[in-house]
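Quick notes on the structure that follows.
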Amino acid sequence: MRRTKLAEIEKLGQAAYPNQFSASHTIPEVRTQWDAATGEALEAERTTVTVAGRIMAIRAQGKAGFATLQQNGQRLQIYVRLDAVGEQGFALYKLLDLGDHIGVSGYLFRTRTGELTVHVETLTFLAKAMLALPEKFHGLADVELRYRQRYVDLFTNLDSREVFVKRAKTLRALREFFDSRGYLEVETPMMQQIAGGAAARPFITHHNALDQDLYLRIAPELYLKRLVVGGLDRVYEINRNFRNEGVSTQHNPEFTMLEFYQAYANYKDLIALTKDLLKFVAEQVNGTTKTVFNDVEIDFAHIEELTMREAIIKWWPKEAGNTASMIMFESSEALQQALLAALHNLPEAEPSADTKGDVASETSRDGVIIDPAGPTYVETRRHPRTAMVFTAAGGHLEDGVPVGKVIAELFEAIAEPHLIQPTIIYEFPTAISPLSKQKPDDPDWVERFEIYCGGFELGNAFSELNDPVEQKKRFEQQLAERERGDDEAHQMDEDYVRALAYGLPPTGGEGIGVDRLVMLLTGSRSIRDVILFPLMRSQGNRDQGPGISDEVQG
RNA sequence: GAGCUCGUAGCUCAGCAGGUAGAGCAACGCCCUUUUAAGGCGUGGGUCCUGGGUUCGAAUCCCAGCGAGCUCACCA
């Protein structure tokens, strides 16, 4: 059908796939320059423009007609009439389909309804859309198709396009921020012989000529610190990490990570830097420090700072009474006591028929409804989740799990869901921080912080461990974990230990999930909405949507 | 990996007390020289995700599979 039209277009003397078209303006340029011009002014000027674009709407009316062209996410109406473009030109107009690319030349005017319009004098065919476009009003709504056929999503759903424009702005702002502070942008290997720098399962690939397995990197961390050893005191890298794990609204197997390292800085310096960074990027991208995520307004100009311990106490469940205090963090026994007291305070649960079978109410987090606006629980009559959290924590302590690890678990269960506004949580237990430096006055805690926002983790930073002897020891501990079957435990990296042995200055390092940052800045609930081509399950030979074969091969 | 929901025309959707599929947009034909979700008249268009089963009869009910979304788990 469209093939025959293309043949007819060629008969009109138009190339089916011309090699170039010289426009005088882009559509956004025309809009910028003449959006404010009145009809009278346009008539007086009689400005002729030559523009190109994709036809997104077409309205024919006998011997005249309109069409809407789109270019770079902006639209401009054109008006084509028989007596202006001639028989050939009008014949071409009538053969056009939605989605075709054309170029037009003509003068600007305003229609009766006041819309800026090109009064076309010459019409040039540029390329055919062989497949039908999605419906003009709803656009492409099927989420799966939007991800799999992003090219259609981008020109039909301009909101989607805007997300990726903002993503590019985010990256530009990040680079500007670090460049202006004397950081050097570097690129370190993404194919590594040892996948290190994080606890995650890697993808494995193979180099044929060397006959050697390689890992796609899970983090650039260890290479970046080697560079600091080498005297590149301030480095940053923005690039992909790959982790062989499940997907969710917050995880894609390949994701973009910003990591930066600064010699002679510690985690306190990085806290200050992170605050400046988030504020700067938000302003560059959105013109304001505020953004709306999940219907909640988030403001990057006000970033709260809490220690992990303070956060646990702040969001200690109300129904557990006044049972939390700083003392409980001092020993396993103290924490046990606090947990027991809290459990004792919990009101009796309602009959189990109500709680057990009520799987559907999981969304309300098992009876605890979270108010995203602030640190308040709206209590309902059930607290099974709270009880479970306390019971599990107590059990772990009895099993001899390090108190630091249990404290971190409590934090994740009790406090993390409340961290909607950007919040820096600092001082982490040593037990869960193998690469961080301990606090000089308190070896159970390390100089580390994470930044949370929108209910998830956005970044992770610490004063880097630079003692090669201690580092080697920690690698050996990880090896022992590996022996026990933990395939996420770190491998020994002798070369990294050697690098440290040459002397890593006191250094602060941080990683920020760029995709998640873009999610916050664009109000996107799913990471797939900010990744152009998110990983989708293969569909094998199953056809998805319209194919070209029918049109091309007939 | 588990639970819930979904899969019907190119797109957005309806149809599901079981009786051989429908609307709008898009497409095709005709009318219309300032319309804009243009309008009017007419026409064509389907592997109802796939495969089984129940039934005289399945888009509809049942089972299995494939794909997706969300939630949870895992995981930074």
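Naming convention: chains lettered A, B, ... in sequence-line order (proteins, then strands); numbering from 1 in each chain. Predicted model, so just to flag it, every value in this text is computed and none were measured.
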Can you find a side chain N or O atom of R112(A) that sits less than 4.0 Å from OP1 or OP2 on U35(B)? yes
Could you check which of U34(B), C70(B), G24(B) has an atom nearest any side-chain atom of S526(A)? C70(B)
Considering only G67(B), C11(B), U35(B), which nucleotide approaches the side chain of Q61(A) most closely? U35(B)
What's the closest nucleotide to the K5(A) side chain, out of A27(B), U33(B), U34(B)? A27(B)
Is there, by distance only and without an angle test, a donor paired with an acceptor across the side chain of E135(A) and the base of G24(B) below 3.5 Å? yes
Decide whether S524(A) and R167(A) meet the rule of one side-chain donor and one side-chain acceptor closer than 3.5 Å. no
Could you check whether any side-chain heavy atom of N294(A) comes within less than 4.5 Å of a side-chain heavy atom of R525(A), counting everything from C-beta outward? yes
Which one, A27(B), U34(B), A68(B), comes nearest to the side chain of R537(A)? A68(B)
Can you tell me how far CG of L116(A) sits from CZ of F109(A), rounded to the nearest 0.5 angstrom? 9.0 Å
Strictly under 6.0 Å, is that where the ring centroids of F428(A) and Y267(A) end up? no
When only distance counts, do a donor and an acceptor, one from the side chain of Q77(A) and one from the base of U35(B), lie under 3.5 Å apart? yes
On the side chain of R59(A), is there an atom forming a donor-acceptor pair with the base of U35(B) - under 3.5 Å, no angle test? yes
Give a yes or no answer on whether the side chain of D515(A) reaches the backbone of T256(A) with a donor-acceptor pair at less than 3.5 Å. yes
Which residues pass the side chain to side chain contact (heavy atoms under 4.5 Å, CB included) test with R201(A), not counting sequence neighbours? N244(A), D487(A), E488(A)
Can you identify which nucleotide, out of G69(B), U35(B), A68(B), has its nearest atom closest to the R148(A) side chain? A68(B)
If you measure from the C1' atom in A23(B) to the same atom in A9(B), how many Å do you get, rounded? 11 Å
Please enumerate all protein N or O atoms sitting under 3.5 Å from an N or O of nucleotides 41-48 of chain B, with distances to 0.1 Å.
none

Note: for L140(A) and G65(A) on RNA chain B, the residue whose nearest nucleotide lies more 5' is L140(A)
What's the closest nucleotide to the side chain of A132(A) if the choices are A68(B), G10(B), U33(B)? G10(B)
Indicate, with a heavy-atom threshold strictly under 4.0 Å, whether A57(A) touches base, sugar-phosphate, or nothing. nothing
For the side chain of L98(A), counting heavy atoms from C-beta on, which of U33(B), A68(B), A26(B) is nearest? A26(B)
With a 3.5 Å cut-off and just heavy-atom distances, do the side chain of H138(A) and the base of C11(B) make a donor-acceptor pair? no
Quick one: side chain to side chain contact (heavy atoms under 4.5 Å, CB included) partners of L98(A), sequence neighbours excluded? I55(A), I58(A), L133(A)
Closest to side chain of Y79(A), choosing from U33(B), U12(B), A27(B): U33(B)
What's the CZ-P distance between R81(A) and U35(B), to the nearest Å? 12 Å
Of A200(A) and M536(A), the one whose closest RNA chain B nucleotide lies more 5': M536(A)
Pick base, sugar-phosphate or nothing for F90(A), based on heavy-atom distances below 4.0 Å to the nucleic acid. nothing
On a plain distance test, is the side chain of D83(A) in donor-acceptor contact with the base of U33(B) below 3.5 Å? yes
Which of the following nucleotides, U71(B), A37(B), U35(B), is nearest to the side chain of F137(A)? A37(B)
Quick one: which of T423(A), L306(A), T274(A), T307(A) gives a side-chain contact (heavy atoms from CB on, under 4.5 Å) with F449(A)? T274(A)
From the list A27(B), U12(B), C70(B), which nucleotide is the closest neighbour of the side chain of T249(A)? C70(B)
